[in-house]
Amino acid sequence: MRNALLVVDVQADFVEGGSLGVNGGLQVAAMIARHVRHFKSEYQFVVASRDYHESAPDHISDHPDFINTWPPHCMVGTPGAAFVPTIQNLVREKYIHEVVTKGRNAAAYSAFDALDKRGHHLLDVLKEQRVDHIDVCGIATDYCVRASALDARKNQFQVRVLVNLCAAVNEATGQQALEEMKAAGCQLQAATAP
Ligand SMILES: [Zn+2]
């Protein structure tokens with residue numbers, strides 16, 4: 001069994017104080033950092049995705065509907081695009097082995113739309129790492145975590161969603177997303193790092 005951890009979009013704009021801040025995002029970021037450090041030996045591969053927009057007119061609007069369009073967020077070159085510091089530390093200290101980037105010019109909710117530095121899709125990177133099981137966590141449960149976990153299942157990975165390491169935009173849609181992930185064969189489990 002080769003285990004990967006996928007940390008979805010834990011970026012400044014998606015936590016408290018960001019342009020699309022999710023309540024509980026900072027706490028989830030801190031808990032993910034503890035989890036990664038504590039369970040380092042459980043994962044052969046740890047990858048973080050980031051939303052990273054240059055121009056995505058189908059996705060970003062000055063008059064967003066908060067369903068298909070959103071206020072400007074994670075724009076290339078802005079502080080909001082950066083990982084939350086607790087996560088950036090994991091990148092710097094190489095607890096996170098790879099960063100994949102999505103959404104440059106169009107909406108991209110799933111980390112499976114993201115590319116690594118070489119321009120390789122996450123799926124190919126995971127195959128290269130011979131991963132068969134993926135733990136998923138991050139922001140937001142009802143959008144990018146959901147899309148990433150469902151895509152992981154579509155691509156035949158075993159998937160566990162670490163429910164307490166995810167934060168939702170909205171409680172009701174977050175709950176609905178968890179049900180959907182479960183129905184797609186994802187295991188839902190709380191992480192247990194002290
Ligand atoms: Zn976006």
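Note that ligands are numbered from 1 as they come in the structure, with each ligand's atoms numbered from 1 the same way.
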Undergrad: Tell me the side-chain hydrogen bond (donor to acceptor under 3.5 Å, both in side chains) pairs involving residues 20-36, sequence neighbours left out?
TA: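 Listed by first then second residue: H35-Y43.
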
Undergrad: Give a yes or no answer on whether the side chain of Q156 reaches the backbone of K154 with a donor-acceptor pair at less than 3.5 Å.
TA: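 Yes, Q156 side chain to K154 backbone: donor-acceptor pair under 3.5 Å.
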
Undergrad: Among L5, V8, T141, which residue satisfies the side chain to side chain contact (heavy atoms under 4.5 Å, CB included) criterion with V136?
TA: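 That would be V8; it is the only one of L5, V8, T141 passing the side chain to side chain contact (heavy atoms under 4.5 Å, CB included) with V136.
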
Undergrad: Taking only distance into account, with no hydrogens and no angle test, what donor-acceptor pairs under 3.5 Å do side-chain atoms of residues 144-151 form with protein atoms, sequence neighbours excluded?
TA:
{"unit_1": "R146", "atom_1": "NE", "unit_2": "E180", "atom_2": "OE1", "d": "3.0"}
{"unit_1": "R146", "atom_1": "NE", "unit_2": "E180", "atom_2": "OE2", "d": "3.4"}
{"unit_1": "R146", "atom_1": "NH2", "unit_2": "E180", "atom_2": "OE2", "d": "2.7"}
{"unit_1": "S148", "atom_1": "OG", "unit_2": "A111", "atom_2": "N", "d": "2.9"}
{"unit_1": "S148", "atom_1": "OG", "unit_2": "C144", "atom_2": "O", "d": "2.6"}
{"unit_1": "D151", "atom_1": "OD2", "unit_2": "S110", "atom_2": "OG", "d": "2.6"}

Undergrad: Leaving waters out, which protein N, O or S atoms fall under 2.8 Å from the Zn ion (ligand 1)?
TA: D51 OD2, H53 NE2, H59 NE2, H73 NE2

Undergrad: Pick out which of V28, L90, I32, V10 makes a side chain to side chain contact (heavy atoms under 4.5 Å, CB included) with V84.
TA: V10

Undergrad: Under 4.5 Å side-chain heavy-atom separation, chaining through any Ile, Leu, Val, Met, Phe, Trp or Tyr, what else clusters with M1? Say none if it is isolated.
TA: none

